[in-house]
Amino acid sequence: MATTNRPDSPDRETLVQMYEIQSKIKTTDERFRSMLTSGQIQLIYYSPRGQECISAGYAVHLRPDDYVVTIYRGLHDHLAKGVPMRELWAEFLGRSTGTCKGKGGPMHITHPDSGLVVTTGIVGSGIPIANGFGLAAQLSGTDQVTVVNFGDGASNIGAFHEGMNMAAVWKLPVVFVCQNNLYGEHTPMSMSTGVEYISERAAAYGMPGVTVNGNDPVAMWHAAGEAIARARAGEGPTLIEARTYRFYGHLMGDAMEYMPKEERKAAMAADPVPAFRAWLLENGHATEAQLAEIEDKIVAMVDDAVEFAMNSPEPSLDELYTDVYEEITK
Amino acid sequence: MATTNRPDSPDRETLVQMYEIQSKIKTTDERFRSMLTSGQIQLIYYSPRGQECISAGYAVHLRPDDYVVTIYRGLHDHLAKGVPMRELWAEFLGRSTGTCKGKGGPMHITHPDSGLVVTTGIVGSGIPIANGFGLAAQLSGTDQVTVVNFGDGASNIGAFHEGMNMAAVWKLPVVFVCQNNLYGEHTPMSMSTGVEYISERAAAYGMPGVTVNGNDPVAMWHAAGEAIARARAGEGPTLIEARTYRFYGHLMGDAMEYMPKEERKAAMAADPVPAFRAWLLENGHATEAQLAEIEDKIVAMVDDAVEFAMNSPEPSLDELYTDVYEEITK
Amino acid sequence: MTTTEPRIIPMGLALNEAMDIAMGLDEKVFLLGEDIAEPSGGVYKITKGLSTKYGTHRVRKTPISEAAIIGAAVGAAIAGYKPVAEIMIMDFIAVCLDQITNHAAKIRYMSGGQTTVPMVIRTSAGAGRQFGAQHSEMLEAWAVHTPGLKVVVPSNPADAKGLLISSIFDPDPVLFVEPMLMYWDPQYACDVPVGDNRIPLGKANIVREGKDVTVISYGKQVHDAVKAADILAGEGVSVEVIDLRTLVPLDEATVLASVSKTKRAVVVHEAVTRCGFGAELSSRIHEELFGTLAAPVARVGGQNTPVPYAKNLETAFVPQVADIVAAIKSLNK
Amino acid sequence: MTTTEPRIIPMGLALNEAMDIAMGLDEKVFLLGEDIAEPSGGVYKITKGLSTKYGTHRVRKTPISEAAIIGAAVGAAIAGYKPVAEIMIMDFIAVCLDQITNHAAKIRYMSGGQTTVPMVIRTSAGAGRQFGAQHSEMLEAWAVHTPGLKVVVPSNPADAKGLLISSIFDPDPVLFVEPMLMYWDPQYACDVPVGDNRIPLGKANIVREGKDVTVISYGKQVHDAVKAADILAGEGVSVEVIDLRTLVPLDEATVLASVSKTKRAVVVHEAVTRCGFGAELSSRIHEELFGTLAAPVARVGGQNTPVPYAKNLETAFVPQVADIVAAIKSLNK
Ligand SMILES: Cc1ncc(C[n+]2csc(CCOP(=O)(O)OP(=O)(O)O)c2C)c(N)n1
Ligand SMILES: Cc1ncc(C[n+]2csc(CCOP(=O)(O)OP(=O)(O)O)c2C)c(N)n1
Ligand SMILES: [Mg+2]
Ligand SMILES: [Mg+2]
C-alpha cells in the first residue's frame, strides 16, 4: 500500500479507527454474502467490498451531527457513519425492528441519529438532496458538513450536473465523494464517460476537484480531511474522486463476464483491508493483539445483529398505511 | 467591430450573405415588435435582436440537409436556416398556413424542408434531441451536421450535461452553440453559473470548447466553420460559446429592471448589424447600393409575409384532433 | 383600512401575502426558484418584495436546474426547514419529477417515518395565453396518482392565501397548483382577509347550493361552473357547485353528501380528460352511490390532445361554460 | 422444430425475438439503453446476443443518462429511424419524463404533422421482488394521461412478441411496459409462434369467456384474474376475462360489449388505485352503460401507498387473487 508520507498524517488512534470501520464493513459484507449464497436470506444485495477505505477515510473526520447521503451500494457508508448494526441488519431483512421498520429496505437505509439521512436507489438523485442539507446548515449558521456519495456512472446523469453547479454557486458545505469503481452496472467507465478522471468535471463548476487512490486509507483521509475542513470553514464544496474497485460486480448474482478476469484478480489480490492491516502492523501503528481484538468484537457484533434481525418479527400489516402522510389520508 | 484578420476569411459573397441573413432577422424582429407594440398582433415574443451574427455565422456553412435545433428565442435561427418568411409569420400568428398549421406556434417552429427540425420551449431539452439527429447521420453514413442552439442559462440544466457527454462519447456530428446573452430570464449568468465561460464546460466531456465574440460575424464564421468541418469529417462534437447580448430583455413586455441601464445602452450602441454593414462598406466588401437593394428586398419580403399571414385563416376546428397520432385515436 | 371592509385583491397578491406571513411567522420558511428575488420578484411577480424584506438567503434565485431546486428543498425539509420551491410552469415538473415523486413523496414512507419532507412546490398552470403545448398543461393527475404528495388547486385569492399558508405548515409535501390566468386578472380578485387566515387542507367549499345537479370542480373552472349554474338557474335548473380546493386529501364526504342529494354529478377540470382527476372522482361517486344516481357522472375536461397554439384551437381545447351547461343538460334528459 | 408444435418460451426470450425480427426486417430499427450490449445483453438479458448479431452501432450501450437516451431516440426517430430505447425500470421514467411527455408525445402535434416520432420506450415494471419503493412502480397512468403516447402492457410471451413488433413499426411513440416478474419465470412461459406474428395495437383479447362478470385487466394481473375466474367457476360464477393488451389505443368496443352482456365489471391492475387506469375505465363504463349495470364497476388496484420493502407488506400492497375474488363476489350480492 502506497500512502503519502505527509507530516500531518492521521494519528495512531485514527488509523486504528479507520481499520475498525473497514473491518466492520468487510465482515458485515462477508456475512451477507455467505448468508445469501447459502440461501439463509434472500434480498437484492450490492456488495461494497473493495470500497471500504473510502468510507472509513471520510467518516473519521465527521461528527455525529454531520450528514451523509448515499446510494443502494451504501452499506460501507452506513456502517462508517455509525448506523447501528442490529437495526441495519433488521432493515436489510425487512423486519419491524429495522432502521425504517422494514419499509425502506437496503436501498433506503435512514438513521438520522447517526446522521445517515438519505439512501437512494435512483442514480445521482442524492446529489441535489445533499445540497439541501448543506443549505440548511448554511442557513442555520451551524458548521455541519454533508458528505454525499455516488458512483462514477452517476457523474453522467443530469442531477450530478445541476447539483454540483448549485453547490458551487451557493458555496454549500458539501463534499461530493465519487466512489469510482470503474463500472456502472455492466459498463466500464471508459465506454460511458467523456473524461478520464471524474475530478476533471469539478472545473466545470469552478469547484476544486481531486482524484485520490480510494484504496489508500491515508490518502483518502487527507483528501477528505481537506475537503471537510473547507466545507466546515464555509469555503464551499469539493469533488473527491476516489478510485477503487467493486470486488463482486454490480449485485449478488452478477456473472461479471464484462469484467476482465485479470483485472479483477489483481484488484482482489491488492485487497485494501488486509493491506492496511499489514501496513499498520509493519509500521507499528497497532499490534496484532489489538487488531485481533477489534476483529473479534466485530464478529460478535455481527453475530448478535444477525440473530437480532432473524428473530425480529415482520412489520405488522397496519404499517402498510402509515407514514404515507403524517396522518392516514385517503 | 473587431474581426480576426486571418487569411482564410470569408469571401465577399459569404460576407454579404451573412449580412443579408442578419438584416432579415433584424427587419423581421423590428416588424414583430412594432406590430406588438401597436397592438396589431398579440403573442408571446422573445426578441433575438442583438444575436443576429451568431445564426448568420453558422448558417452560411450549412447545407439544406443539415439540421438545426433551436429554442423559443429562435427567430434568428429559423430565418438563418431558411424557414420561409410567409409560413413563419403565419405560424407566429396561429394561422392554418403556418409552418405547423398554427398548432405549434412561435416556440415550436418546425420546417423540415429547410432543416429546421425542432424548436423547443423547455430549457436545454433540444440538446439530447440534437444528438438523435447526429446519430441518425452517423448511422446512415451521411455527412450531415446538426447545430443545436441554446442559452447560457441552459448550460445549468441536466439535459445539457447528459447530451454533451453522450455526444462526446459517441463522437456525434453535432455542434453545440451556446448563445450566451449573459442572462437567463431575469438572472445574470454570474448568479447562476459556476464558471465564467460556458466553453470551459466542454473539458468535462473531453470535447473541444471555444468562446467567441458572437457579435463579430467573421469570428463566429471561423469558429462555426471549424466546428462544422470537424463534425462533417466525423471528428466529433464541439461546444461554441458565442458571447452576445439580448437587446430587449427576456420577452416583450420585460421591464428589464434587472439589466444595468449602462450595460444595455453600451450593447445597443455597439449593435452588431449596422456595425457589420459599416465594416463591409469601409473595407469595400459591398457597395451601399448593393446593401440597400438587399434591405429593400427584405422589407418587401416582410411586407408580403405579414400580409400573407394576416389574411390567412385560422386553422379549422378539426385540426384540434389531428396529428395527435397518425390516426385519430380515442 | 379596517379588516371589516372588503379588501379586493388578485390571487398574485394573495399568494405573496401568504408567503410573507409564513416567513414572518417561522424563520424556517424560505423560498427558492428561478428569478424569484428582486428586482423582478419572479416572472409573474408573485414573490415581489420578499427578497428585500427577508433577504436573498431566504428568497433564493436559482440556476435553471429544476431537479437541483426540488432536491435542495427535499434535503432542507428533512433537515428541519420548510422550503417553498417554485417551478415556473407546470409542464416543467417533467424535468424534475424524480425528485418530486421518487423522493419528496416517498421519503417519509421509506424511512419508516423518521425523516419527513414538509415542503411546498408552487407552480403556475393552465392554458389560455397561447403559450403552446409545453407551457399550458394541468398535470395534477400525475401527483394524485403519487401517494405521499398532497395536491392543492385554489380557485380564488382568499383560498389561495389560506391554503398556501396551510400548505407551508403542513407536515407533508404539497404540490400547489396556481391557475396562471388568475394571478392578476381583476375579474378573479376577491375579498381576502388580512392576516393568518388558514384554510385547512381536505375541506371542500360549497360555492353555491342547489338541488338538481352537483358540479364538482377546482381551480379556474369553478368560475365557469358558477357561470353555468347562473345560466341554468334561468332555465329552472338548480345547480350545486363544489370547489374541491384540495384533491389530496379529498373531501369525499362533502361530495357524496351533495350528490346523494342531487343524484346527478358533473366533474369539471381543464386537464386532459383521459386518466384525469375526473376519472378518479367519477369512479368513486359511482362506487359509493350506485343505484341512487339519476344519471351517470359526466366528465367535462380538456380534450385528449396536446394544447394547441392557435387561439381558436386553444379555446376549443379548454372546457367552456357552454360545455358545462351541455353536460348538465345531458343528465337531465 | 416445425411451427405447428408448441414452442414454450418465456417473455424475456419472446421480447428478444421481437427485436431480432424487427432489426432483421428494417435496418432503421436500432436499440439503445444502459448495459444492453454484450457480453451481458442487459441486466435482464432481454437483448442477449443482439449486439453480436447486429453490431454495437445498432445495439448501443449508453451512459446512465436517461434524458439523453430518450432525447437521442426522439431525434433519430424524427430523422427516420425506429429507435427502441430501454429505461431499465419504470420508476426511472421520472428522470426523463420531459423527453417523453413534452417531446416524444407532442412533436407530431406541435409540428402540425410534419415531424413524427416512431419510437418505443421499453421498460420493466412491477413489485414482487422486494426492490423497494423506487424500483417497483407501475406508472402507465401518467402516460395514458399524455395525449400522443401509446401505451402497451403485454400479459404473456406471445403477446409481448407480437405487440412489440407492432410497436416498433407503429408510426407513433409507444411506452411498452414489461412486467418484470414475467421475464424468465417458466410459469408465465407460453407457446410463441415463430416469425413475424404481429398483434395489432388497440385489440383486446378475451382470455376467457363468461357470462356473469367481466374482469378487465392487463399485464401480470391477467393471470390473477384467470385464477380468480377458476376459483369462482367452482362456485358457479362465470367470469369473462379481458386482457386489454394496449391502454392507448383502447379497445373500448370489446370492453363495452362484454360488460353489456355480463352487467358487472371489475378492473384490475397493480398500479396505485388512486387516479390509476382503472379510474378511467370505470368512468367510461359507467358513462356508456349507465342504467344497465347490475353493480358499480369495482376497482382492484395497488394500495394508495409507496411500495414497501418487507415481503409481507409488499404482498399486501399488490392486488392478490383473493382480492379479485372478493371484488367479484361483492358485485354479486
Ligand atoms: C436514474 C437511474 N438509472 C438507472 C438505474 C439503474 N442502475 C442502478 S445502479 C446503476 C449503476 C450505477 O453506477 P455507479 O454510479 O458507477 O455506481 P456503482 O453501482 O458502481 O457503485 C444503474 C445504471 C438507476 N437506479 N437509476
Ligand atoms: C426547464 C425549464 N425551466 C424554466 C423555463 C422558463 N424559462 C424560459 S426561458 C428561460 C431562460 C433561459 O435562459 P437562457 O438559456 O440563457 O436563454 P435565453 O432566453 O437567454 O436565450 C427560462 C428560465 C423553461 N422554459 N424550461
Ligand atoms: Mg461505479
Ligand atoms: Mg441567456
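Every chain is numbered from 1 and lettered A, B, ... according to where its sequence line falls, protein lines coming before strand lines.
Across all their heavy atoms, A/Ala136 and C/Ala76 have their closest contact at CB-CA, 4.4 Å. The minimum heavy-atom distance linking A/Pro128 with C/Ala67 is given by the pair CB-O, 3.7 Å. Nearest approach of C/Pro249 to A/Thr329, heavy atoms of both residues: CB-CG2, 3.4 Å. Scanning all heavy atoms of the two residues, the minimum distance from C/Ser65 to A/Glu162 falls at C-OE1, 3.1 Å. What you find for C/Pro63 and A/Met166 is that their closest heavy atoms are CD-CE, 3.9 Å.
By number of non-hydrogen pairs under 4.5 angstrom with chain C, the leading residue of A/Gly163, A/Gly105, A/Ser125 is A/Ser125. Top candidate by heavy-atom pairs under 4.5 Å with chain C, chosen from A/Gly104, A/Pro315, A/Ala167, A/Cys100, is A/Cys100. Chosen from C/Arg60, C/Glu66, C/Lys150, the residue pairing most often with chain A at heavy-atom distances under 4.5 Å is C/Arg60. Looking only at heavy-atom pairs under 4.5 Å with chain A, the residue among C/Pro171, C/Gly148, C/Pro173, C/Ala79 that has the most is C/Gly148. Taking A/Glu327, A/His108, A/Met107, A/His161 one by one and counting their heavy-atom pairs under 4.5 Å with chain C, the maximum is reached by A/His108. The greatest number of non-hydrogen atom pairs below 4.5 Å with chain A, out of C/Asp170, C/Ile64, C/Leu149, is found for C/Leu149. Taking chain C as the reference chain and counting heavy-atom pairs below 4.5 Å, the highest number among A/His111, A/Lys101, A/Lys103 is found for A/Lys103. Listed options A/Ile127, A/Thr119, A/Thr99 were ranked by heavy-atom pairs under 4.5 angstrom with chain C; first place goes to A/Thr99.
At least one donor-acceptor pair under 3.5 Å links the side chain of C/Asp172 to the backbone N or O of A/Glu326.
Between the CG atom of C/Asn102 and the CD1 atom of A/Ile122 there is a distance of 4.0 Å, given to the nearest 0.5 Å. Taking OG of C/Ser111 as the start and CD of A/Glu91 as the end, the distance is 9.5 Å to the nearest 0.5 Å. In this structure, NE2 in C/His103 is found 3.0 Å from OG1 in A/Thr120, a value given to the nearest 0.5 Å. Atom CZ in C/Phe30 sits 4.5 Å away from atom CG in A/Leu135 (nearest 0.5 Å). Atom-to-atom distance recorded for A/Tyr325:OH and C/Tyr109:OH is 12.0 Å, nearest 0.5 angstrom.
In this structure, chain C has no heavy atom under 4.5 Å from any part of A/Ile157. A/Leu139 touches chain C through backbone and side chain together, each having a heavy atom under 4.5 Å away. With a 4.5 Å cut-off on non-hydrogen atoms, C/Ile70 does not touch chain A at all. Both the backbone and the side chain of C/His57 come within less than 4.5 Å of a heavy atom of chain A. Both the backbone and the side chain of A/Ser140 come within contact range of chain C, judged by heavy atoms closer than 4.5 Å. Only the side chain of C/Gln99 comes within contact range of chain A, with at least one heavy atom under 4.5 Å from a heavy atom of that chain. For a residue to count as touching a neighbouring chain, one of its non-hydrogen atoms must lie under 4.5 Å from one of that chain's; by this rule C/Thr56 does not touch chain A. Residue A/Gln144 does not touch chain C at all, counting heavy-atom pairs closer than 4.5 Å. Interface remark: C/Thr116 contributes no atoms to any contact with chain A (heavy atom separation under 4.5 Å).
With C/Val74 as the partner, the side chain to side chain contact (heavy atoms under 4.5 Å, CB included) test is satisfied by one option alone out of A/Val118, A/Asn131, A/Ile129: A/Ile129.
Annotation: side chain of A/Tyr67 is not in contact with side chain of C/Ile78 (no heavy-atom distance under 4.5 Å).
Counting non-hydrogen atoms of other residues, nucleotides and ligands closer than 6.0 Å to CD of A/Glu307 gives a total of 12 or fewer.
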